[in-house]
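Following: one structure in structure tokens, then a few remarks.
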Amino acid sequence: MSLAALGALGSAHPGTALAAGLSPSSPAADYAPVTETVKGRVGDTVVVRLGVTNLGPGSPAGDTGSFAVVPPPGTTVTSIPWEGDDDDRKYSCRPPQDEDNHFFLCDSSPSAGSSFTIGFHIRIDKRIPGAKGSVTAYGPNDPVPGNDRAAIPVEAAPAPLWRWQNPLWNWHRWALAAGGLALLAPVGWFVRRRRQDRPRISTLR
């Protein structure tokens with residue numbers, strides 16, 4: 001992606017990304033986003049396949065296309081594992097570079113009539129009515145820019161009562177409680193011992 005296109009992406013409002021650029025050296029190819037709904041309960045991490053499809057008529061000739069993913073508000077991309085190889089890197093796409101750039105940028109150049117998608121592991125942190133992310137496709141010579149962006153909807157259900165979000169099951173609260181009990185245990189033993197020894201002392205008197 002060109003520096004101009006990256007600059008446009010960086011200045012986009014959260015939840016959107018912009019695509020731009022034409023390369024006369026590459027055959028015309030209409031790139032369109034592939035999206036999926038983030039569906040689950042609060043606290044769930046779900047796999048959502050996002051990417052781009054090439055509607056033709058041409059196929060890229062050496063120039064690499066890409067797509068940008070802006071996660072929906074109230075969610076977190078925990079990983080984008082590489083597929084089909086032994087690469088153990090957490091992200092197969094470039095993650096956001098700073099607070100002003102909210103998008104993940106992925107390379108993709110599917111041939112005419114084919115699609116390319118990647119599994120995004122997305123955690124639902126909280127319910128936000130109407131929350132949507134976006135996928136924006138970028139082709140080196142895309143003659144139809146009007147279909148380059150699509151929304152990533154969210155269907156979030158409340159967390160079950162046993163989920164870790166519940167304060168009673170929050171692990172760090174349990175850890176603090178266990179530590180407190182460990183500190184109080186010797187005090188309880190000492191008090192109980194004192195009570196047991198009192199009758200003996202009064203008998204000796």
Side-chain angles (χ1 to χ4, degrees), residues 1-2 5-6 9-10 12 14-19 29 31-55 59-60 62-128 131-140 142 148-160 162-165 169-172:
M1 179 176 282
S2 67
L6 285 175
L9 282 167
T16 65
L18 303 177
Y31 282 75
V34 176
T35 69
E36 214 174 291
T37 299
V38 179
K39 188 174 183 179
R41 292 178 175 272
V42 173
D44 286 349
T45 297
V46 299
V47 179
V48 179
R49 300 203 67 85
L50 307 171
V52 64
T53 184
N54 183 347
L55 302 176
S59 297
D63 293 321
T64 302
S66 59
F67 63 94
V69 173
V70 178
T75 70
T76 300
V77 175
T78 59
S79 66
I80 314 171
W82 285 81
E83 300 174 357
D85 55 32
D86 296 328
D87 198 311
D88 60 355
R89 282 180 289 179
K90 186 175 183 179
Y91 298 114
S92 58
C93 302
R94 194 186 75 169
Q97 300 300 294
D98 52 55
E99 294 181 357
D100 295 325
N101 296 312
H102 305 271
F103 60 90
F104 291 79
L105 187 64
C106 313
D107 293 332
S108 173
S109 298
S111 57
S114 65
S115 300
F116 175 82
T117 62
I118 298 177
F120 280 68
H121 293 228
I122 300 179
R123 185 181 67 237
I124 303 173
D125 297 322
K126 58 183 177 180
R127 299 176 70 191
I128 299 180
K132 292 180 181 179
S134 68
V135 179
T136 303
Y138 169 81
D142 189 341
D148 288 350
R149 186 183 306 140
I152 305 173
V154 179
E155 294 181 11
W162 50 265
R163 184 59 59 81
W164 58 267
Q165 281 84 356
W169 292 93
N170 195 305
W171 69 268
H172 69 267

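Heavy-atom basis, side chains included; hydrogens, waters and symmetry copies ignored. What you see is a predicted model, and the numbers here were worked out from it, not measured in a lab. Residue numbers run from 1 in the order of the sequence given.
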Identify the heavy atoms of A32 and A137 that sit nearest to each other, and give their distance.
-> C-CB, 4.0 Å
Hey, does P96 have a side-chain heavy atom less than 4.5 Å from the side chain of F104?
-> yes
Between S115 and T53, do the side chains contain an N or O donor and an N or O acceptor separated by less than 3.5 Å?
-> yes
With rounding to the nearest 0.5 Å, note down the distance linking OG1 in T136 to CG in L105.
-> 10.5 Å
Donor-acceptor contact below 3.5 Å, side chain S108 vs main chain G65 = no
Calculate, to the nearest 0.5 Å, the distance between atoms CZ and CD1 belonging to R94 and I80 respectively.
-> 12.0 Å
S111 side-chain N/O to S59 backbone N/O, donor-acceptor pair under 3.5 Å | no
Is any side-chain heavy atom of F116 less than 4.5 Å from a side-chain heavy atom of F67?
-> yes
Test side chain to side chain contact (heavy atoms under 4.5 Å, CB included), reference C93, set V69, D107, V77, I118, output is I118
For I124 and K39, work out which heavy atoms get closest and say how close.
-> CD1-C, 4.1 Å
First locate atom CG of L50, then atom SG of C106, and finally report the distance between them rounded to the nearest 0.5 Å.
-> 8.5 Å
Tightest non-hydrogen contact, residues E36 and P153, listed as O-CD, 4.0 Å
Can you measure from OG1 (T75) to CD1 (I122) and round to the nearest 0.5 angstrom?
-> 5.5 Å
Could you grab the distance from atom CD of E155 to atom CZ of R41, nearest 0.5 Å is fine?
-> 13.5 Å
Closest approach of P73 to A131 (non-hydrogen atoms, all atoms of both residues) = O-CB, 3.6 Å
Would you call R49 and V34 a side-chain contact if the rule is heavy atoms closer than 4.5 Å?
-> no
Side chain to side chain contact (heavy atoms under 4.5 Å, CB included) between V154 and I128, worked out = CA-CA 9 Å; V154 179; I128 299 180; over 6 Å; no
Considering all heavy atoms of both residues, which atom of V42 and which atom of R127 are nearest to each other, and what is their separation?
-> CG2-CG, 3.4 Å
Mind checking whether Y31 and P140 have side chains closer than 4.5 Å, heavy atoms only?
-> yes
Separation between CZ of R149 and OG of S134, rounded to the nearest 0.5 Å | 6.5 Å
